[in-house]
There are 2 protein chains.
Amino acid sequence: MPGFIGREQHSVDEKGRLLIPARFRRKFLLQEDNSGTGAPSRSPALYVFKADDGSLELYEPSVWNEKEQQLLKLSDFNPDERLLTTMIYARLDQTELDRSGRIALSREMLDHAGIVKDAVIIGANAKMVVWEPLRLETLLSDNAGRFAPLANRYI
Amino acid sequence: MPGFIGREQHSVDEKGRLLIPARFRRKFLLQEDNSGTGAPSRSPALYVFKADDGSLELYEPSVWNEKEQQLLKLSDFNPDERLLTTMIYARLDQTELDRSGRIALSREMLDHAGIVKDAVIIGANAKMVVWEPLRLETLLSDNAGRFAPLANRYI
DNA sequence: CATAAATTCCCCACTTTTTCCCACTTTCCC
DNA sequence: GGGAAAGTGGGAAAAAGTGGGGAATTTATG
């Protein structure tokens with residue numbers, strides 16, 4: 001129950017580093033550090049997943065692990081289930097926050113999202129979603145007229 | 001059951017701070033602070049949503065969370081449902097009241113509503129709606145003739 | 001296998017933004 | 001009118017964000 005909410009834009013430097021907004025960091029540093037020792041939580045990790053819509057999804061370990069429970073139920077010997085498992089792990093990566101609260105995104109991840117210089121991070125409750133700013137803008141404006149109908153249908 | 005009712009106009013300062021009228025504040029400080037301890041309620045939060053009509057909607061956590069239940073049912077892997085989720089979280093932000101009862105609105109939020117110096121806050125029962133004064137005035141006068149027909153149809 | 005090149009990691013320094021707090025003015029209410 | 005609450009503005013301290021240097025590690029290459 002992280003509850004990431006809000007939208008921010010930050011730059012990605014030449015080293016591929018992307019800052020996780022402080023307000024998001026607080027959300028999971030808080031719950032990572034339930035060691036009771038009060039010691040600084042060692043190395044907050046994040047799972048990075050290439051989404052179909054051209055964005056990147058960032059998950060806390062606890063949230064990803066919960067999703068992963070579904071995967072573990074799949075059989076290695078059912079072709080479809082095996083394929084799905086392969087597809088998912090092929091798109092998955094893991095990264096850690098550095099001392100400044102940044103993560104290093106690999107070249108493939110950045111390419112997948114089309115990120116060059118800037119990135120938008122959207123809090124989507126359980127996860128964070130990373131977009132190339134223009135790509136997100138285009139998606140939203142191209143589909144602006146669909147918001148009301150969709151909202152009307154689904155919520 | 002917040003029951004915000006009334007209309008007020010307040011200034012937005014250079015730091016983007018907007019005062020939540022005292023009578024609205026009382027509504028939800030009351031129900032936030034059901035800790036029983038009588039201690040000052042820590043950090044009253046508000047969700048801010050960019051509405052389609054060029055206004056900003058302010059929700060109390062309890063009210064927004066109820067809406068969010070609908071969102072949580074949507075699938076990440078159904079394109080329409082995913083798009084809707086993206087559209088909503090891309091327009092959503094979260095903010096807290098400072099000690100003076102103000103919220104800090106981000107630049108994007110202010111731009112969305114066209115707010116420069118002043119803002120009108122309308123209590124609309126479950127939520128508060130924030131308008132740039134002239135924009136609201138224009139909307140109302142441009143559609144004055146439609147009030148009776150609409151009211152006739154729906155209420 | 002050794003050396004060079006590249007990448008990663010760790011840290012520091014600077015700039016900008018946010019937060020916190022205080023003070024003043026206006027309005028409301030008895 | 002006097003006191004309290006509400007509303008407004010701004011200064012200073014703290015935090016967040018950004019960039020980059022240099023050591024260490026990994027990867028390429030002769």
Side-chain angles (χ1 to χ4, degrees), chain A residues 4-30 33 39-46 48 58 93-111 115-123 128 130-131 133, chain B residues 4-30 33 39-46 48 58 93-111 115-123 128 130-131 133:
Chain A
F4 300 118
I5 297 294
R7 168 181 169 160
E8 298 201 18
Q9 179 161 341
H10 291 290
S11 61
V12 176
D13 63 28
E14 315 110 30
K15 297 178 181 176
R17 294 178 301 184
L18 172 66
L19 185 84
I20 304 300
R23 55 175 162 169
F24 292 164
R25 267 159 27 213
R26 276 191 287 266
K27 291 275 180 196
F28 64 90
L29 290 178
L30 212 63
D33 189 23
S41 48
R42 301 133 297 279
S43 49
L46 283 179
V48 187
L58 306 180
D93 202 349
Q94 199 177 27
T95 182
E96 290 183 3
L97 275 74
D98 69 16
R99 182 172 309 204
S100 304
R102 292 176 287 199
I103 56 174
L105 293 173
S106 69
R107 173 57 47 196
E108 296 102 285
M109 290 292 170
L110 291 172
D111 285 349
I115 291 169
V116 180
K117 168 114 192 54
D118 293 286
V120 171
I121 306 183
I122 298 174
M128 297 172 269
V130 181
W131 285 91
Chain B
F4 300 119
I5 297 294
R7 167 178 169 160
E8 298 199 20
Q9 179 162 341
H10 291 289
S11 62
V12 176
D13 64 28
E14 315 112 30
K15 295 180 181 177
R17 295 179 298 186
L18 172 66
L19 185 85
I20 304 300
R23 55 175 163 169
F24 292 165
R25 262 154 37 206
R26 277 190 285 269
K27 291 276 182 195
F28 63 91
L29 290 179
L30 212 62
D33 189 23
S41 48
R42 301 133 297 278
S43 48
L46 282 179
V48 187
L58 306 181
D93 204 346
Q94 199 177 29
T95 183
E96 290 183 4
L97 275 74
D98 68 16
R99 183 174 308 202
S100 304
R102 293 175 288 196
I103 56 174
L105 294 173
S106 68
R107 172 58 46 197
E108 296 100 286
M109 290 291 170
L110 292 172
D111 286 349
I115 291 170
V116 180
K117 168 114 193 56
D118 293 286
V120 171
I121 306 183
I122 299 175
M128 296 172 271
V130 180
W131 284 94

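Nothing here was measured: the structure is a model prediction, and the numbers come from that model. Lettering follows sequence order; numbering is per chain, from 1. Worth knowing before you read on, the calculation uses all heavy atoms, side chains too, and leaves out hydrogens, waters and symmetry mates.
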Whole-Å gap separating P (dG19(D)) and CG (D98(A)): 14 Å
Euclidean distance, atom CG of residue L19(B) to atom C1' of dT26(C) [Å, nearest integer]: 13 Å
message: At less than 4.0 Å, is any side-chain N or O atom of R26(A) found next to OP1 or OP2 of dA16(D)? Yes or no.
response: yes
task: Return the nearest nucleotide to the side chain of E14(B); candidates are dC22(C), dG10(D), dG19(D).
output: dG10(D)
message: Could you check whether any side-chain heavy atom of L18(A) comes within less than 4.5 Å of a side-chain heavy atom of I115(A), counting everything from C-beta outward?
response: no
query: Closer than 4.0 Å, any side-chain N/O of R23(B) to the OP1 or OP2 of dT27(C)?
result: no
- line: Among dT8(D), dG22(D), dA16(D), the one nearest any side-chain atom of A22(A) is dA16(D)
Test applied, side-chain hydrogen bond (donor to acceptor under 3.5 Å, both in side chains); reference residue, D13(B); option that passes from K15(B), R17(B), H10(B): R17(B)
message: Nearest to the R99(A) side chain among dT8(D), dG22(D), dC11(C), which nucleotide is it?
response: dC11(C)
field: Euclidean distance, atom NE2 of residue H10(B) to atom C1' of dT27(C) [Å, nearest integer]
entry: 11 Å
- prompt: Does K15(B) get its side chain close enough to the base of dT19(C), under 3.5 Å, for a donor-acceptor pair?
  reply: yes
message: Using OP1 and OP2 only, check whether a side-chain N or O of S11(A) sits under 4.0 Å from dG19(D).
response: yes
dG9(D) base / K117(B) side chain donor-acceptor hit below 3.5 Å: no
- prompt: Taking CZ from R107(A) and P from dT27(D), how many angstroms apart are they, rounded to a whole number?
  reply: 17 Å
message: Counting only side-chain heavy atoms from C-beta out, which of dG7(D), dG17(D), dG9(D) sits nearest to E8(B)?
response: dG7(D)
Whole-Å gap separating P (dT18(C)) and CE (M109(B)): 14 Å
Proximal nucleotide (of dG10(D), dA16(D), dG20(D)) relative to the R17(B) side chain: dG10(D)
statement: To the nearest angstrom, the CG-P distance between D13(B) and dT19(C) comes to 13 Å
task: Check R25(B) against I20(B) and note the closest heavy-atom contact, atom names and distance.
output: NH1-O, 2.9 Å
- prompt: What's the spacing between Q94(A) CD and L46(A) CG if we round to 0.5 Å?
  reply: 9.0 Å
- prompt: How long is the line joining CZ of F24(B) and P of dA6(D), in whole Å?
  reply: 14 Å
Atom pair distance, as rounded to whole Å: CD in E96(A) and C1' in dC9(C): 11 Å
- prompt: So, for T95(A) and A104(A), which heavy atoms are closest and what is the spacing to 0.1 Å?
  reply: OG1-O, 3.4 Å
